[in-house]
Amino acid sequence: MKASQTVPLSRSPRSFRSKRLLVGLLLCLAPASLTFAEQPLNEAFFTQKVFPILQDNCFKCHSHASGKNKGGLLLDSLPAMLEGGETGPALVVGKPAESLLLKLIRSKDTETQMPPKGDRLSEDSIKILESWIQEGAFWPKTAQSSLLPNGPSKRAPGGITEDDRKWWAFVPVQEPEIPAPATSATGNHPIDRFIDARLLAEDLEPAPEAEKRVLIRRVTQAVTGLPPTPAEIEAFLSNNTPEAYDQLVDRLLESPRYGERMARLWMDLVRYADSDGYRVDDYRPTAWRYRDYLIQAFNANKPYDRFVQEQLAGDELFPGDPQALTATGYLRMWIYEYNNRDARGQWETILNDVTDTTADVFMGLGMQCARCHDHKFDPILQKDYFALQSFFAGILPRQDRPAATPVERENYHWKLAKWEEKTFPILKKIAAIEDPHRARAEKEAVTKFPDDIQEMIRKAPEQRTPLETQLAALAWRQVEYEWERLERRIKGEQREELSRLHRELAQFDSIRPAPLPPILSVTDVGSVAPVTKIPKKGTEVGPAFPTVMGNEFPAPPAAIYPPEQGFSTGRRASLAMWLTRPENPLTARVFVNRIWQMHFRQGIASFASDFGKLGEPPSHPELLDWLASQFVKDGWDIKQLHRRILTSAAYRRSSNHPNLEAGLKKDPTNRLLWRAQPIRLEAEQIRDSIFFVSGELKEDRGGAGVPFTDPKRSVYTRIMRNGRDPLTDAFDAPLWFASASSRDVTTTPIQSLLLINSPFMLQRSKAFAERVLHSTPGNRSLPIAQKITSAYQLAYGRPPSPEELRSAEKFIQRQVQIGTGNSAALSHRGFIPEKIPFRDGQGALFEPGGTSGFKAKDSIGINAKDGFTVEAFILPRTVADTAALRTIVGKWNGNYSTPGWRLGITGQKSRRTPMVIALQTVGLKQDGKLAEVPFFSGLRIQMNKPYFVSAAINYADQNGPGSVTFSVKDLSNDDEPLLVDTIPCDIYGIPDNKFPVTLGSQSGTSPDSFHGVLDDVRFSEGVLPTAMQLLQSENANPATKGFWRFESKPDIMADLSGNGHNLEAPEDLRAIPKAEVVNGNADIRNAFAAFCHALFNSSEFLYTE
Amino acid sequence: MNDPRCLKFEPRHSRRDFLFQSGVGLGAVALQSLLQPAHAAALTSPLQAKTPPKPARAKNVIFLFMEGGPSHMDLFDPKPLLNQLAGKPMPESFGSVITAMGESKSPILGSKRTWKQHGQSGLWISDWLPHTAQCADDLAVIRSCKADGINHSAGVCQMNTGSILGGRPSLGSWVSYGLGTENNDLPAFVVMQDSQTSVVNGPRNWASGFMPAVYQGVRMHGGSEPIPYLNTPDSVSAEQQSSKIEFIRDLNQRYADKFADRTDLAARLNSYELAFRMQSEAPSAVDLHKESEATKKLYGIDRPETASMGKLCLLARRMVEKGVRFVQIYHGAGSKWDAHKGIEKNHSELCRAMDLPVAALLRDLKSRGMLDDTLVVWGGEFGRTPMSEKGDGRDHNPTGFTMWMAGGGVKGGQCIGSTDDLGLRAVDTPLHVHDLHATILWLLGLDNMDLVFKYKGRPERPTLNEGEAYTKIAT
């Protein structure tokens, strides 16, 4: 793009209008309707001959009117033709033979010919174009203006006009004068002075202040994401001092829950997730430290400028500061495909993603349009896009830099060296076994890449260019992926030897230093960054700030100060410092508008991440500027910003209005804030409030993400991009693949079904009911009215009206009369449904140290001559930290003198191999005596991953030993094969016993019970061939003796083999708790739970007013 | 300054979209709803059926997704050169490609298929698909499809959402957004699959991306609980449930009355009614008992190898009959078509499971006169390589593969485009995923450039501002 080709077209709106009319004629009516005699001959030639050809054949893909400029080319104005596209100027005036336009029209090459599809241009048409170009390519001004975007500020390709620079978002923030109070009712709060002035001007009456009960619920949800407790409400209601509300706001902003709520907002913006996002959707075990950083930063009220600097360039600006390094996790939130061999393509995608997100989050500019072409509406050039990208061109993703100070790091390495010295002989032996496997794994991984990438990996590091270093590092992660799975490759004696060595190594654990907190971070690849080029065009672009935000054209290079030590380019530091200069017109405006949107659910500027021309202009531009200027003046103080907004009368208005219709008529969307509005809670607020009100919320702060079934706040749940929490999913949580700046509010029947029928909601309601019923111990005889009032207080923050109370009482009575439903429900006690990722339907959740398992009715014979096969889908959460085997399925009582078997996962301290699938048996040896014989597979299980597992035993006989064949398949990864391990079997049979087949435990005992989710479990006679295994064929077949799927149809406990071995709930859970029986109020408890369930389903619970 | 084109909303539903996007800007219909509270919810249903802005040939879509990537040169795109070069390296003239498993230099794998021309049109179809072959004259076989993702995740994501990266709405969501649905008691966009194994990327393939959740696809199962949480839990009796619902209605009505201008609160009331209409409607939609034995036999439901896909194809026909707009069936869910090794066995079995039911679907639709306005699309996320992998398999190939369309205004018995002599790259009339999507939309009377959803203030289009409908498919 050349500066000389910016053609500012200044035209007044008036003259434009008349021309548009003319063009309308020109475009819509037949050109022949114009009287050519009245016009210069060459203009007539153009309008009659040339224009129709261009219009019919070219504009579809190359015009403002079509919104397309394929190949970066526009053909709807002469300057655009001269500027050309990716392959150069389209036209050389006077030289048809040299004009690309004609060359391509004439081309016979189907790859390049134009138009690409449809009929070729006629020879006549070509001649017309030829002579037009030959004669000077005259393009009448009338025709030209018509085709450009409407409005006074027309930008020729590649240019920026003065009008562009005057767009409200790009002009410096002016601190406006605060208007005088609009009416006597307007207080001193500056926000209200701005807002009331507008209301007065529009003749709108503001609503009165909301009731105190409404206010405390509204502001507590807004600041902390949870409802207020009844005690907090009482305290606020009884505080009649004028400062009561301000004190409430202060208290909330000091609550640690504030940081949790704010972090959630920021996590949407940076598309935070704990997983990779592609097929494997691998868990990122250390991503959460960035989430905890956010929470801490907001709670500590870290100034926003510093917060921005740390995330973009913490490593460059604050080296040695573990917090700042953790903050660079911002640059690691992109999705990642673990097996993509197109390393260049993936790296390009990552850089584009970082560029798009940064423009959205920090600048409020939607720049991604400019990746392929100059932005169609906003003054953002393609060059600006890549100039922004080049600030990130030097980044190198790092996993190896822990969040620790230099002193901590030094300490750690000193201790580690000591440990290595002591353990050197063991480490050496381990390496001797592992190294050949490592080398083979490396070779396999590397050779899957294209030749050029392989070459980069093989080069000596110091010989790689910066780009080669980046690509080699990206590719190398695939080698590391294989290395993490090295155990799969090591078998037999080597495996046993390795286990032995690891046990030996463990004896030195006391002197082994605890690892430093691992984080996802970035640094630069060095002091030189790879060159950034505009794709296809190949133009080199260096770091520069968007052209429209400076006064020069083209934009001058950004001033960069590389750190002296030479470890970094200094580019990101430069961007961060530029963004956080007080005079940057975007940074403060964008952020204060986000906080405004958080509290009012609509921003002063309506699109929080796009201040460009497609958004509406701000509703209160002066107020926005005033807030932005105060924010910077306050030292980018975020809590102060909240305080300012929340204490305004505008925020405190009632959602009701004495004269609603008048308001709705004038300002139906409430842009001018004449009242408040009921607001639906966001997905996480809903989930957290449910747990909070049911009394189950565990407010442990920080740490690795937990499954979404755990009652921790949603911000701490593990966010798997492909395995979403159905509840938050139904309530419009974003997908977290790209930056999201606002939440949808939809109402669907799917939501209602989930709220009313899901086991999750039934469980919460039951807990809520128990909480209320138990809330006054020793006083169970309190009238039900008090219990109802108490539930209302918890759920709605208010007591019921007499009518509501009556209606609730009536409902509870009715529920009691109807009585308990299906008696089958009782047998389902102890069953907690949960879904295994990558599987449909539901499985059974087993809590740690939990139950004695589900027992199949009637003993199933196991002494099948040809052995048996057991299979299951599992999601293990933990294994025993001892050697104990956790049982998946078994038929045994744990006694070594009783025959039996069980399939399970070995514990951490297993004498053979920890965390593998194993089959423990007590069977007949050759001498006919019973003996305990365990079979350990070499198939390692990772926690929190979904697997298919199976074991098939084929007994030894006179012909020789039999075999035990284990299979394991990682369901989360299609590219992982079904792993099979077969070991010889020296038992001759397992005599039948009287014990039932038990799922999730061995008969009668519970310490070895499974922790995690068990889905379909199948027990079959004989050794099933692979094709008949559950993984491939999910039906019962003649060999199936027992088949349990935990689906509610036909029944959760049903045996689908047709043999009637239905499951029975564990005895310890089957019995009705004694208290209920004694008090004889089981029906009331159920009825009250139904009432609580209804409250959870109600709009009032899901909204704040 | 705004190009009106970039902001071109379907005017008929712009207001509702705004409501559902912002959730707070509800004043637009406020006065109306004050006057007619009973109609408020109906007014705001974003899935209300809409007239397509352009002439439509198809009303509904059934997308048969062969997940994992079927081998085009073993099914629809015969390449004699494959067998001539079998065992030899690919000639350099074909250029180099990056393959998923890195065996781009492995020798060519011959095809063991026998080929015949079928129907009046003489379309080439291999012996793996004897039943589909009998419907040759209904198929428009597109041999020149192109996609961008070399792995399943990216490929499946793109074939659904247009982008290899996640986060965008599925094609079915765009269609629901553009056309709404004829049956409010069933989801507008239904997804079914042939096993319990998760489809690559899981539910986000049918997610509504940046659009409101109301447009997302709903996974339906056969059996008695076709939609998650559809059934009253076992521990709750029918009487208890209905008394509870009545009580919830009271609570919600009281709250909605307090804010009478708020249509979303009225919509919440309505959503419970809708949920319970679904409760009665959905099981009957999936109840195959009333289908005749002959129909079941036609679909192969009586045979173990075809039963699973047969049920899904029959369900798809029933859904469309009931007005569901977009039905997607995943066959081989969990990348089962992904024949990196042993393609003979893998494809033989999958073809046997799929071929008869798919042909039955086409015949059944035709005999009921439904094929005229039901578009059936068949294909995977990509095809497979001419090069071998692990000796007897084929790797992923997004640079040239086959899909077919039938019904819905598509002219049958035609073959569109071609690949090179080895089936590696699309050569003639290449149709990128964006073009395919644009074509599907065009057949439905939607223009891929005019169907705009404004997100973050920016106009978003189903084909990412690219793609062009291949309108010749209808002639």
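Letters A, B, ... are given to chains in the order of the sequence lines, protein chains preceding strands, and every chain is numbered from 1.
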Task: Check: H1093(A) side chain, L755(A) main-chain N or O, donor-acceptor pair, under 3.5 Å - done: yes
TODO: Can you tell which part of Q368(A) gets under 4.5 Å to a heavy atom of chain B, answering side chain, backbone, both or neither?
DONE: side chain
Open item on the list: I'd like to verify something: which residue of N656(A), L1031(A), D353(A) has the highest number of heavy-atom pairs under 4.5 Å with chain B?
Closed with: N656(A)
- [ ] Without swapping roles, check the side chain of Q842(A) against the backbone of E1047(A) for a donor-acceptor pair under 3.5 Å.
- [x] no
Task: chain A contact via F276(B) - side chain, backbone, both or neither, heavy atoms under 4.5 Å - done: side chain
Task: Residue among G209(B), G202(B), A207(B) with most heavy-atom pairs under 4.5 Å to chain A - done: G209(B)
Task: Exam field: side chain D732(A) to backbone T746(A), donor-acceptor pair closer than 3.5 Å - done: yes
- [ ] Counting only heavy atoms closer than 4.5 Å, note whether S807(A) contacts chain B via side chain, backbone, both or neither.
- [x] both
Task: Under 4.5 Å from any heavy atom of chain A - which part of E246(B) - done: neither
Task: Leading residue by heavy atom contact count with chain A [cutoff under 4.5 Å; candidates R204(B), Q241(B), E239(B)] - done: R204(B)
TODO: Can you tell which part of A808(A) gets under 4.5 Å to a heavy atom of chain B, answering side chain, backbone, both or neither?
DONE: both
Open item on the list: Given heavy-atom pairs under 4.5 angstrom as the criterion, report whether the side chain, backbone, both or neither of E1034(A) touches chain B.
Closed with: side chain
- [ ] Check each atom of Q1032(A) against the heavy atoms of chain B and say whether the ones under 4.5 Å are side chain, backbone, both or neither.
- [x] neither
Open item on the list: Under a 4.5 Å cutoff for heavy-atom pairs, which residue among I164(B), I150(B), T99(B), L251(B) has the most contacts with chain A?
Closed with: L251(B)
Task: Region of Y255(B) in contact with chain A, defined by heavy-atom distances below 4.5 Å - done: side chain
Open item on the list: Counting only non-hydrogen atoms closer than 4.5 Å, does K105(B) touch chain A with its backbone (N, CA, C, O), its side chain (CB onward), both, or neither?
Closed with: side chain
Open item on the list: Could you check whether any side-chain heavy atom of Q454(A) comes within less than 4.5 Å of a side-chain heavy atom of T447(A), counting everything from C-beta outward?
Closed with: yes
TODO: Go through G663(A), P946(A), P759(A), S739(A) and name the one with the most non-hydrogen pairs under 4.5 angstrom from chain B.
DONE: S739(A)
TODO: Before giving the answer on side-chain contact (heavy atoms from CB on, under 4.5 Å), spell out for H396(B) and D338(B) the whole-Å C-alpha distance, their side-chain angles and the decisive distance to 0.1 Å.
DONE: CA-CA 8 Å; H396(B) 313 160; D338(B) 191 25; 3.1 Å; yes
Task: Contact origin within A213(B) toward chain A - heavy atom pairs under 4.5 Å - done: both
- [ ] Check whether any side-chain heavy atom of S655(A) lies under 4.5 Å from a side-chain heavy atom of K258(B), and answer yes or no.
- [x] no
Open item on the list: Using heavy-atom distances under 4.5 Å, tell me whether L754(A) contacts chain B through its side chain, its backbone, both, or neither.
Closed with: both
Open item on the list: Restricting to side chain to side chain donor-acceptor pair (under 3.5 Å), what partner residues turn up for R249(B), sequence neighbours left out?
Closed with: Q253(B), E273(B)
Task: Expected output: side-chain D1016(A) to main-chain F873(A) donor-acceptor under 3.5 Å - done: no
- [ ] Check each atom of S104(B) against the heavy atoms of chain A and say whether the ones under 4.5 Å are side chain, backbone, both or neither.
- [x] neither
Task: chain A contact via V199(B) - side chain, backbone, both or neither, heavy atoms under 4.5 Å - done: backbone
Task: N-O pairing of D378(A) and K613(A) below 4.0 Å - done: no
- [ ] Grab the two heavy atoms, one from W167(A) and one from G612(A), that are nearest each other, plus how far apart they are.
- [x] CZ2-O, 3.4 Å
Open item on the list: I'd like to know whether D360(A) forms a salt bridge (Lys or Arg N to Asp or Glu O under 4.0 Å) with R458(B), so could you lay out the CA-CA distance, the side-chain angles of the two residues, the decisive distance to 0.1 Å, and finally the verdict.
Closed with: CA-CA 12 Å; D360(A) 265 23; R458(B) 302 157 204 165; 2.9 Å; yes
Open item on the list: Looking at R680(A) and L1102(A), would you say the former's side chain and the latter's main chain have a donor-acceptor pair under 3.5 Å?
Closed with: no
Open item on the list: Does any backbone or side-chain atom of R254(B) lie under 4.5 Å from a heavy atom of chain A? Answer side chain, backbone, both or neither.
Closed with: side chain
Open item on the list: With a 4.5 angstrom heavy-atom cut-off, is it the side chain or the backbone of P726(A) that approaches chain B, or both, or neither?
Closed with: side chain
Open item on the list: Just so I understand: if I count every heavy-atom pair under 4.5 Å between each of R724(A), R721(A), R271(A), K448(A) and chain B, which residue has the most?
Closed with: K448(A)
- [ ] For chain B, find which of A1087(A), A730(A), S758(A) contributes the most heavy-atom pairs closer than 4.5 angstrom.
- [x] S758(A)
Open item on the list: Taking side chain as everything from C-beta outward and backbone as N, CA, C, O, which of these in L735(A) sits under 4.5 Å from a heavy atom of chain B? Side chain, backbone, both or neither.
Closed with: side chain
Open item on the list: Given heavy-atom pairs under 4.5 angstrom as the criterion, report whether the side chain, backbone, both or neither of N1035(A) touches chain B.
Closed with: neither
TODO: State whether the side chain of D281(A) and the backbone N or O of N722(A) hold a donor-acceptor pair below 3.5 Å, judged by distance alone.
DONE: yes
Task: A608(A) portion near chain B, given a 4.5 angstrom heavy-atom threshold - done: neither
- [ ] Heavy-atom distances under 4.5 Å only: say whether E349(B) touches chain A with side chain, backbone, both or neither.
- [x] neither
Task: Pair E67(B)-K336(B), side-chain contact (heavy atoms from CB on, under 4.5 Å): steps then yes or no - done: CA-CA 6 Å; E67(B) 201 206 327; K336(B) 298 269 178 356; over 6 Å; no
Task: Parallel, tilted or perpendicular, as decided by the 30° and 60° cut-offs, for the rings of F1091(A) and F811(A) - done: tilted
Task: N/O donor-acceptor pair under 3.5 Å between N151(B) side chain and A100(B) backbone - done: no
Open item on the list: When you compare the side chain of D667(A) with that of T669(A), does any pair of heavy atoms fall below 4.5 Å?
Closed with: yes
TODO: Check whether R344(A) gets within reach of chain B through its side chain, its backbone, both or neither, counting any heavy atom under 4.5 Å.
DONE: neither
Open item on the list: Please classify the contact of P734(A) with chain B as side chain, backbone, both or neither, using a heavy-atom distance under 4.5 Å.
Closed with: neither
Task: Structural part of R268(B) lying under 4.5 Å from a heavy atom of chain A - done: both
